[in-house]
Amino acid sequence: MPELPEVEVICRQLNEVLPGQEITGIKVHLAKAFADPQGLLPELIGTRFTEVQRRGKYLLLYTERLVLVGHLRMTGALLYRTHAASISHVRVEIRLAPPAVLYFKDVRTFGGLTLLRRADLAMYPPLLKLGPEPLSPQTSELALYTASRGRKVALKTLLLDQRVIAGVGNIYADEALFLAGLRPKMRADRLTRPKARRLLAALKTVFTQSIEDGGTSFRDYRDSAGKRGLHVQRLAVYGRKGLPCKRCQRPLQSIRLGGRTTVYCPHCQK
DNA sequence: CTGTTCACCTGGCAGC
DNA sequence: TGCTGCCAGGTGAACA
């Protein structure tokens, strides 16, 4: 469900409320949603959150010595509540000073939290594989251009590869390709430096706008307060199959690439 | 190594 | 109303 902007919104919100808060207890309702490969859970109780960071689509909830790495996958949510709440599909509860609780809710159970030592975070394989952050000023179009050399996959499929650029998912891949005027099914190895530049700029634009809007709640996404993101109103192509292109008014087309539904404008995207 | 498909789950919705 | 099939914002394993 969440891509970079949604995870970023949750990260910023949790940073306003979690630092300094003590973890008083953990209740795991679904075992696979809480991985503790080192058996560190007893050490977590009684420690305090210090900071929340995001890397790609991962959330990093730090305490003094430990870190909870979260991935929301398709339907995960982290809900912070300071009053008694009845929430469906809760997989993990992180209890704070009563009555505050941080709930990990996940209808489809693909997501989860992993407990690690801070010192081991740099060696955690899923994070090691991630490509550069698209919103970092240090990330240039070379990341896209270099990764595309020798690749015959569709450009959209390349964008979804987290090793190339971290944080891009199905919604924003389609949106960025539309903004850059590029065909999703174009072969990745036909990307030029100028086109790579346009595409990275488009990613930055759609991500930045979506964060301002609080993310995209197309169906399930909710922020840490349970509120919807408003960016769905600004989507140009995602979820708009058959509707008129916002630029040329011709009907948008839908195809499948790498198993993912892809919507684009055959007239505006070449 | 590259590229493609499928499995992992639950729920909502369109169509009959 | 109720059933069936399809689809969903992600990713990694299995396969050719």
Side-chain angles (χ1 to χ4, degrees), chain A residues 1-10 29-33 35 54-59 69-78 87-92 104-114 124-131 134 146-178 184-190 203 206-207 209-211 213-223 228-242 254-263:
Chain A
M1 127 211 217
E3 305 180 33
L4 185 150
E6 290 75 30
V7 180
E8 178 65 23
V9 168
I10 292 169
H29 297 271
L30 179 70
K32 73 167 186 173
R54 178 193 59 74
R55 177 74 176 96
K57 299 174 193 171
Y58 289 85
L59 272 168
V69 182
H71 199 303
L72 306 175
R73 287 298 206 279
M74 296 288 267
T75 54
L78 276 171
I87 298 170
S88 63
H89 304 97
V90 170
R91 310 307 185 187
V92 181
F104 178 73
K105 163 181 175 149
D106 190 9
V107 172
R108 290 176 72 184
T109 75
F110 292 163
L113 304 169
T114 300
Y124 183 57
L127 293 179
L128 278 177
K129 294 179 196 158
L130 293 179
T146 307
S148 66
R149 297 307 83 190
R151 299 297 305 275
K152 298 183 179 180
V153 290
L155 182 57
K156 193 231 175 129
T157 303
L158 187 85
L159 274 184
L160 293 178
D161 185 341
Q162 301 300 295
R163 297 170 301 184
V164 177
I165 299 276
V168 185
N170 206 34
I171 293 179
Y172 300 104
D174 282 8
E175 293 298 309
L177 285 163
F178 174 79
K185 60 185 168 186
M186 171 186 135
R187 266 173 57 147
D189 61 4
R190 300 243 292 277
L203 279 169
V206 295
F207 281 156
Q209 289 184 346
S210 182
I211 292 167
D213 292 339
T216 300
S217 291
F218 195 79
R219 49 198 318 166
D220 300 303
Y221 170 71
R222 297 295 184 274
D223 67 15
R228 306 175 67 94
L230 303 177
H231 192 69
V232 64
Q233 304 168 39
R234 283 212 252 181
L235 294 179
V237 288
Y238 181 86
R240 302 192 68 247
K241 167 178 120 177
S254 177
I255 58 174
R256 255 179 124 73
L257 290 177
R260 314 300 302 277
T261 295
T262 301
V263 185

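The analysis underlying the following values was restricted to heavy atoms, covering all of them including side chains, and did not include hydrogens, waters or symmetry mates. We name chains A, B, ... by the order of the sequence lines, and we start the count at 1 in each one. Every value quoted in this text rests on a predicted model; they were computed, and no experiment measured them.
Side-chain N/O atoms of Thr261(A) include one lying less than 4.0 angstrom from OP1 or OP2 on dA8(C). Between His71(A) and the phosphate of dG10(C), there is no side-chain N or O to OP1/OP2 separation shorter than 4.0 Å. For the pair Tyr172(A) and dG9(C), the criterion of a side-chain N or O lying under 4.0 Å from OP1 or OP2 is not met. One finds a side-chain N or O of Gln162(A) lying less than 4.0 angstrom from the OP1 or OP2 phosphate oxygen of dT11(C).
Counting only heavy atoms from C-beta on, Lys57(A) has its side chain closest to dT11(C) among dG9(C), dT11(C), dA8(C).
Secondary-structure annotation of DNA chain C gives the stems B:2-8 with C:10-16, B:10-16 with C:2-8, with a stem taken as at least 3 successive Watson-Crick or G-U pairs whose two distances both fall under 3.5 Å.
Think of the region where chain A sits on DNA chain B: with heavy atoms and a 4.0 Å cut, that region ends 5' and 3' at dG3(B) to dG11(B).
Contact annotation for Lys32(A): backbone-only contact, meaning every heavy-atom pair under 4.0 Å involves sugar-phosphate atoms and none involves a base. Contact annotation for Arg163(A): no contact, since no heavy-atom pair falls under 4.0 Å across all strands. Counting non-hydrogen atoms under 4.0 angstrom, Arg260(A) reaches a base of the nucleic acid. Within the nucleic acid shown, Gly259(A) has no heavy atom closer than 4.0 Å to any nucleic acid atom.
Remark: Asp161(A) pairs with Arg163(A) by the salt bridge (Lys or Arg N to Asp or Glu O under 4.0 Å) rule, at least two apart or across chains.
The aromatic rings of Tyr58(A) and His71(A) sit perpendicular, their planes meeting at an angle over 60°, well past the 30° parallel limit.
In terms of position along DNA chain B, the nucleotide closest to Lys152(A) lies nearer the 5' end than the nucleotide closest to the other residue of the pair Lys152(A) and Arg219(A).
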